[in-house]
Amino acid sequence: MNLVATILAISLALSMILALVSFWLPQMNQDAEKLSPYECGFDPLGSARLPFSLRFFLVAILFLLFDLEIALLLPLPWGNQLYNPSTTFAWASALLILLTLGLIYEWMQGGLEWAE
């Protein structure tokens, strides 16, 4: 058997085993919170016009911004193997400096304070 067929057979067997085990492992005693279509803690039958904290959305957007940094830095190990990797490191350093300055600015403005 060639290598591709072996890898496909092993991955198929492993995924089938994991799928079967996942049906037997979880506890089957469901409570009212798990049976509810909304597991986020909000009352689905209450008012839909409850006020939300703007700080929550600001922190969520900041998390997405700084989480995007990881996605932009993922090609860095491959850039290390180029003929001239200094350009890749310069762009990565510029990105990190820009994000660090943005974090310092948000910190100085009080954007990271959850409660006043």
Side-chain angles (χ1 to χ4, degrees):
M1 215 167 22
N2 60 5
L3 183 63
V4 174
T6 304
I7 291 174
L8 285 175
I10 290 173
S11 63
L12 181 66
L14 185 62
S15 63
M16 292 300 290
I17 289 170
L18 289 175
L20 289 175
V21 168
S22 71
F23 285 114
W24 291 319
L25 280 182
Q27 297 177 354
M28 292 300 177
N29 49 0
Q30 303 275 334
D31 56 354
E33 301 296 328
K34 285 292 185 180
L35 293 176
S36 171
Y38 301 103
E39 294 183 15
C40 59
F42 295 114
D43 184 18
L45 302 176
S47 174
R49 306 255 189 292
L50 293 175
F52 287 107
S53 173
L54 192 58
R55 293 253 183 226
F56 174 76
F57 292 111
L58 178 65
V59 170
I61 289 173
L62 286 174
F63 172 75
L64 288 175
L65 175 71
F66 289 106
D67 193 39
L68 183 65
E69 167 192 359
I70 296 170
L72 292 174
L73 291 176
L74 278 176
L76 190 60
W78 288 281
N80 188 20
Q81 299 179 12
L82 293 174
Y83 179 70
N84 189 5
S86 61
T87 307
T88 305
F89 288 130
W91 280 107
S93 299
L95 178 69
L96 286 175
I97 289 170
L98 181 68
L99 286 172
T100 303
L101 289 174
L103 178 64
I104 291 170
Y105 176 75
E106 284 294 327
W107 196 343
M108 298 301 277
Q109 293 295 319
L112 299 177
E113 307 261 339
W114 187 259
E116 294 179 13

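Only heavy atoms go into these numbers, but all of them, side chains included; no hydrogens, no water, no symmetry mates. Keep in mind that what you see is a predicted model, and the values were worked out from it rather than measured.
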Under 3.5 Å, which donor-acceptor pairs do the side chains of residues 11-18 form with other protein atoms, sequence neighbours left out?
from  : atom 1 : to    : atom 2 : distance (Å)
Ser11 : OG     : Ile7  : O      : 3.0
Ser11 : OG     : Leu8  : O      : 3.0
Ser15 : OG     : Ser11 : O      : 3.1
Ser15 : OG     : Leu12 : O      : 2.9

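Residues Leu95 and Leu103 share a single hydrophobic cluster, defined by chaining ILVMFWY side chains whose heavy atoms lie under 4.5 Å apart. In terms of hydrophobic clustering, with Ile, Leu, Val, Met, Phe, Trp and Tyr side chains grouped at heavy-atom distances under 4.5 Å, Phe89 and Leu98 are assigned to different clusters.
Residues that satisfy the side chain to side chain donor-acceptor pair (under 3.5 Å) test with Ser86, not counting sequence neighbours, are Asn84.
Nearest approach of Thr100 to Leu96, heavy atoms of both residues: OG1-O, 2.6 Å.
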